[in-house]
Asker: 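I am attaching a structure below and will ask some questions about it afterwards.
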Amino acid sequence: MMPDLGKYADTVLSAYSASLLLLLALVVLTILRGRKVRREMETLESRVKRNG
Amino acid sequence: MSIWEYANPKKFLATTEKVMPALWVSSAVLIAAGLIWGFFFTPDDYRQGSTVKIIFLHVPSALMAINAWFMMLVTSLVWVIRRHHVSALAARAAAPVGIVMTVIALITGAIWGQPMWGTWWAWDPRLTSFLVLFLFYLGYIALWEAIDNPDTAADLTSILCLVGSVFAVLSRYAVNFWNQGLHQGASLSLDKKENVADAFSNPLYVCMAGFVLLFIALVFYRTGTEIRARRIKALMARERLEA
Amino acid sequence: MTLTVTDLSVARGGIPVLESVDFALDSGKALILRGPNGIGKTTLLRTVAGLQPPLKGRVEGAEDQIAYAAHSDGLKPTLTVAENLTFWASVFGRNGIEQALDGFDLQGLRDRQAGALSAGQKRRLGLSRMLVTGRPIWIMDEPTVSLDKSSVETFADVVRAHLGQGGSALIATHIDLGLEAEVMDVGPYKAKPHDIDDFDGGFL
Amino acid sequence: MTLTVTDLSVARGGIPVLESVDFALDSGKALILRGPNGIGKTTLLRTVAGLQPPLKGRVEGAEDQIAYAAHSDGLKPTLTVAENLTFWASVFGRNGIEQALDGFDLQGLRDRQAGALSAGQKRRLGLSRMLVTGRPIWIMDEPTVSLDKSSVETFADVVRAHLGQGGSALIATHIDLGLEAEVMDVGPYKAKPHDIDDFDGGFL
Amino acid sequence: MIALLMRDLKLAFRAGGGFGLGLAFFLIVTVMVPFSVGPQSELLARIAPGVLWLGALLACLLSLDRLLALDWEDGSLDLLATAPLPLESTVTIKALAHWITTGLPLVMAAPVLGLLLSLPVSGFLWLVVSLLLGTPALSVIGTFGAALTVGLKRGGLLMSLLVMPLYVPTLIFGSEVARRGAEGMTVQTPLLMLAGISAASIALLPFASAAVLRVNLR
Amino acid sequence: MIALLMRDLKLAFRAGGGFGLGLAFFLIVTVMVPFSVGPQSELLARIAPGVLWLGALLACLLSLDRLLALDWEDGSLDLLATAPLPLESTVTIKALAHWITTGLPLVMAAPVLGLLLSLPVSGFLWLVVSLLLGTPALSVIGTFGAALTVGLKRGGLLMSLLVMPLYVPTLIFGSEVARRGAEGMTVQTPLLMLAGISAASIALLPFASAAVLRVNLR
Ligand code: HEM
Ligand SMILES: Nc1ncnc2c1ncn2[C@@H]1O[C@H](COP(=O)(O)OP(=O)(O)OP(=O)(O)O)[C@@H](O)[C@H]1O
Ligand SMILES: Nc1ncnc2c1ncn2[C@@H]1O[C@H](COP(=O)(O)OP(=O)(O)OP(=O)(O)O)[C@@H](O)[C@H]1O
Ligand SMILES: [Mg+2]
Ligand SMILES: [Mg+2]
């Protein structure tokens with residue numbers, strides 16, 4: 001399954017893991033903040049509507 | 001029916017809401033496919049050994065790092081000229097994505113450099129100009145964060161983006177003049193002599209397409225978030241007026 | 001030389017504070033703005049003076065006619081009183097600061113550094129700056145802050161003399177200046193909340 | 001808990017401005033200082049508050065009893081109203097800012113950043129700081145600058161309540177606060193020019 | 001006291017509060033060195049420990065001018081002086097907040113920047129150790145400089161001028177430790193001196209700073 | 001216009017006005033370099049042109065934050081904006097005043113400091129020429145940065161962050177001229193580029209600065 005990376009295994013694997021980690025972190029943070037802001041906006045909208 | 005219609009925040013939210021799932025899925029599929037293809041099913045390079053596999057992350061991220069700045073330049077111009085709020089917010093949304101891409105290109109490059117050039121870092125022009133690009137991103141983001149008033153921030157950051165782009169190009173030339181480099185030439189160019197072998201180029205194209213889609217997805221989503229954040233600010237201000 | 005403000009809406013920090021303000025200020029007249037703290041007087045004055053763009057509406061007759069006195073006086077603490085005034089006079093292409101010094105009773109402080117003045121003395125110097133601009137329309141934001149009773153009277157005299165020479169003045173203040181001037185309460189112009197479903201560039 | 005000032009001479013920038021000031025301030029009482037601009041009220045208050053040393057004379061009963069409100073309010077523009085007050089409360093080892101917020105009608109502005117307040121709102125916040133210190137003697141330098149009429153009344157009410165609880169207040173002001181308090185004109189204490197032959201430590 | 005520390009940290013982390021800017025300055029100075037002295041990595045490796053120390057010192061220095069001046073301008077210092085907190089603790093806490101928001105991030109960033117300047121592998125450990133020992137001294141000494149110049153409008157540059165000579169011993173011993181470390185030599189003597197300077201500054205300077213501040217307030 | 005220039009110069013020369021402080025900073029940075037990288041004169045000679053350019057650049061940068069911020073804080077900028085002077089000339093004059101009080105003294109002091117760092121004799125001429133051509137660009141670019149951050153309390157460090165990358169081309173070509181000069185090589189190409197950057201910045205950037213200032217004033 002795993003291809004033979006030879007003597008550069010560390011190099012290649014660390015490059016892949018660092019990059020994927022960064023990408024994942026970017027996506028996750030983006031979505032978390034998006035959700036939070038969306039929730040805040042909805043509560044605020046309903047409150048404002050209720051108050052007139 | 002002009003594209004400026006999408007500059008209305010509500011319309012923008014409604015439209016992107018519809019295409020978001022497709023964007024997420026297709027970018028994930030393309031990136032996964034490209035990386036798996038590249039990682040498991042390409043041969044080692046005769047000179048670089050298995051390190052050549054890093055190219056599937058390195059080149060797409062470098063590409064997007066530059067293109068993200070370019071997109072910010074365009075949206076900043078649109079804001080300066082036509083004053084569409086969504087445009088300014090899109091620039092704001094793209095900057096963190098761009099800086100992460102820059103960091104990925106720098107990190108993968110540094111890791112790749114260790115076995116190939118025997119050093120993590122060299123002051124090669126291409127590497128150096130990427131570092132300068134990183135600094136531009138940093139300054140741009142810091143300026144957005146430092147200013148309260150969103151319209152002021154949009155105006156200032158877009159002028160910074162315009163002036164900064166000119167100076168970024170200038171630095172590219174300066175750096176080229178200052179040091180001859182170690183780095184690869186443009187291997188995907190039409191100049192066949194330098195070109196990467198076909199075995200690598202196809203999965204590379206797939207990865208590049210995936211990164212482009214991921215960038216679009218992230219920017220759409222983040223722009224939506226920025227729009228909502230602006231609306232929260234405006235709503236709170238309105239409440240204040242009533243109080 | 002009339003300053004006309006038509007249907008003016010002004011915003012602070014991106015938020016509308018006053019809407020549809022209308023007034024005209026003829027030469028020889030003064031207009032006093034009143035209203036509770038935070039209603040938007042400062043914002044209105046800055047917009048009329050051209051320091052910030054209006055949300056809506058127009059300001060006419062202001063171009064190069066206005067001298068503006070804000071909360072802060074634009075004084076350099078290391079320059080003397082006379083040097084400060086001379087600078088502002090020459091920026092406005094004029095010379096002669098004696099009249100300004102006399103007007104606010106500053107002759108005795110003439111060679112004192114501005115940084116070594118008391119709060120009220122600084123304010124008097126800041127106000128005397130209006131006299132060296134040679135501009136006909138004076139816009140002043142709470143000009144009498146820190147002034148004692150007699151200085152307030154001096155100030156009123158100077159404004160009266162300015163009006164007598166065909167100038168005009170727009171003043172925001174909380175106290176009674178003893179000027180014979182029209183008074184406008186800005187309270188009624190307070191911006192009304194927008195309809196929140198109208199989700200446009202203003203994000204409301 | 002009486003604040004006693006005996007034969008106090010104060011100087012600003014090395015130059016004596018007021019001489020031989022005497023007064024006593026009992027708890028439950030307020031003393032209002034008046035005098036033309038530049039006479040030395042600010043200097044006197046800073047000396048009494050212990051921020052600068054007197055030239056001569058003594059201030060008794062001030063140690064750790066004084067809360068001082070200067071021209072500037074010590075507000076951080078990036079902290080909210082509540083955060084600003086909470087900070088000052090804990091510096092003085094107390095907690096609970098509700099009463100201060102209520103006193104100056106700031107509940108509605110509680111979560112607003114202090115930098116986004118109008119001049120009068122800032123001033124109200126600065127004054128409400130006095131309430132969270134828990135100190136009995138309030139020393140205030142022109143506290144009502146920028147305040148509108150109704151805020152001045154609120155302020156007077158707060159001071160009255162403070163006096164009622166056994167506190168005292170020393171206030172320099174040019175306007176009429178509507179407080180039932182003793183008024184002291186500092187004019188007569190103006191420092192007389194020394195005899196220039198008397199060439200001593202003061203170089204005069 | 002904790003309230004003051006918390007407030008200062010909060011202010012630093014708020015938008016425009018200045019957290020991370022010292023770091024950014026450090027980064028930028030380091031990046032600019034190759035632009036100015038040229039890209040040869042053998043030359044860069046030789047000057048790397050010195051450049052990193054100098055960069056850290058400048059970054060500290062530049063973030064000092066907001067340490068007390070902001071509190072002075074808005075009147076907070078006057079009010080703090082009448083508060084029940086002794087001025088000695090106030091300045092100590094301010095120095096601590098400065099170190100947490102500036103010194104500590106510099107220490108953590110230094111190895112990454114060492115990479116950029118081709119610092120030899122053997123040098124990383126001692127670079128970090130020397131910065132960890134030296135930056136607290138930089139903060140405390142800097143607080144003294146800030147207290148000296150607090151009354152002056154934009155005293156920033158004057159303060160740099162006053163503080164720089166005071167920084168000389170710390171800089172000499174600190175960069176000596178880093179340099180010897182990079183060259184594989186023994187670091188004991190300069191390390192002890194550095195530790196001594198730090199300890200003495202932290203113990204004694206706050207009294208001087210408080211005294212100076214008292215003079216400036218009146 | 002002349003009144004504004006005169007006032008700015010007068011303010012700079014008054015006590016606490018900041019004249020000479022940029023110079024002092026330049027001096028100190030240069031003096032601290034041997035402390036941090038070690039005293040070998042052959043090494044110092046090699047890095048001398050670069051260090052002098054970097055020092056000059058930092059000195060310029062640090063004196064920028066008082067360029068507009070003081071006028072902003074005391075309300076002068078508001079008043080200047082309502083005066084009959086177009087904002088473009090105001091910022092140009094401010095940049096000029098900055099150059100006269102900071103850039104010019106740096107140019108004149110550089111040869112002396114070159115001596116301290118054992119700069120080769122051949123290097124002095126081109127060092128001075130490159131600084132003379134480059135410092136005006138530094139002032140104009142810096143004015144843009146100062147205008148961007150003028151509304152922020154103590155925007156000093158943020159300003160450094162924004163301005164530094166903009167300084168990169170000037171620094172590269174400037175120090176390249178000085179370096180080549182010191183090594184006796186031909187300097188024509190970088191010299192032309194440096195002159196071009198200076199001329200273009202002076203011609204165009206004031207418009208950007210004025211635009212930014214207008215945004216900040218409202
Ligand atoms: C931190 C170090 C590095 C940085 C910042 C960097 C940056 C870049 C950039 C900006 C590109 C251009 C992408 C594009 O324009 O499409 C690129 C492409 C490339 N890099 Fe790197 N690189 C680094 C290190 C390396 C190393 C060590 C190697 C391998 C020895 C390498 C191999 C390549 C290859 C093969 C390409 C594709 C060339 C092309 O299509 O233009 N890079 N890199
Ligand atoms: N930066 C800001 N962001 C958001 N709102 C602000 C900002 N600055 C001021 N405001 C608000 O705008 C409103 C108008 O302020 P303005 O300073 O014009 O009031 P004013 O009438 O001059 O009050 P005062 O009499 O107290 O000076 C106030 O409610 C204030 O809280
Ligand atoms: N730094 C200084 N050096 C010398 N004299 C000064 C200095 N600062 C203020 N003065 C002078 O000291 C005197 C007292 O000033 P002070 O500020 O105490 O007056 P004040 O009564 O508070 O006036 P106001 O009502 O205007 O606030 C004034 O005449 C002033 O000109
Ligand atoms: Mg106001
Ligand atoms: Mg006073």
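Chain A is the first sequence line, chain B the second, and so forth, proteins listed ahead of strands; every chain is numbered from 1.
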Asker: Which residues, numbered in order, of residues 37-56 of chain D come under 4.5 angstrom of chain C by heavy-atom distance?
Answerer: N37(D), G38(D)
Asker: Let's test your reading of the structure: which of L117(D), T173(D), D148(D), V152(D) forms the most heavy-atom pairs below 4.5 Å with chain C?
Answerer: D148(D)
Asker: Would you say Q107(C) has more than 12 foreign heavy atoms packed within less than 6.0 Å of its CD?
Answerer: yes
Asker: Between A116(C), S118(C), G35(C), which shows the greatest number of heavy-atom pairs under 4.5 Å with chain D?
Answerer: S118(C)
Asker: Could you state the interatomic distance from NE2 (H174(D)) to OG (S146(C)), rounded to the nearest 0.5 Å?
Answerer: 6.5 Å
Asker: Looking at E180(D), I want to see if its CD is surrounded by more than 12 non-hydrogen atoms of other residues, nucleotides or ligands under 6.0 Å.
Answerer: yes
Asker: Say you draw a straight line from CD1 of I175(C) to CG of D176(D); how long is it, rounded to the nearest 0.5 Å?
Answerer: 12.0 Å
Asker: Pick one of side chain, backbone, both or neither for R123(C), based on which atoms fall under 4.5 Å of a heavy atom in chain D.
Answerer: neither
Asker: With respect to chain D, which residue among R34(C), R124(C), K122(C), E142(C) yields the maximal number of heavy-atom pairs within a distance under 4.5 Å?
Answerer: E142(C)
Asker: Which residues, numbered in order, of residues 128-139 of chain C come under 4.5 angstrom of chain D by heavy-atom distance?
Answerer: none
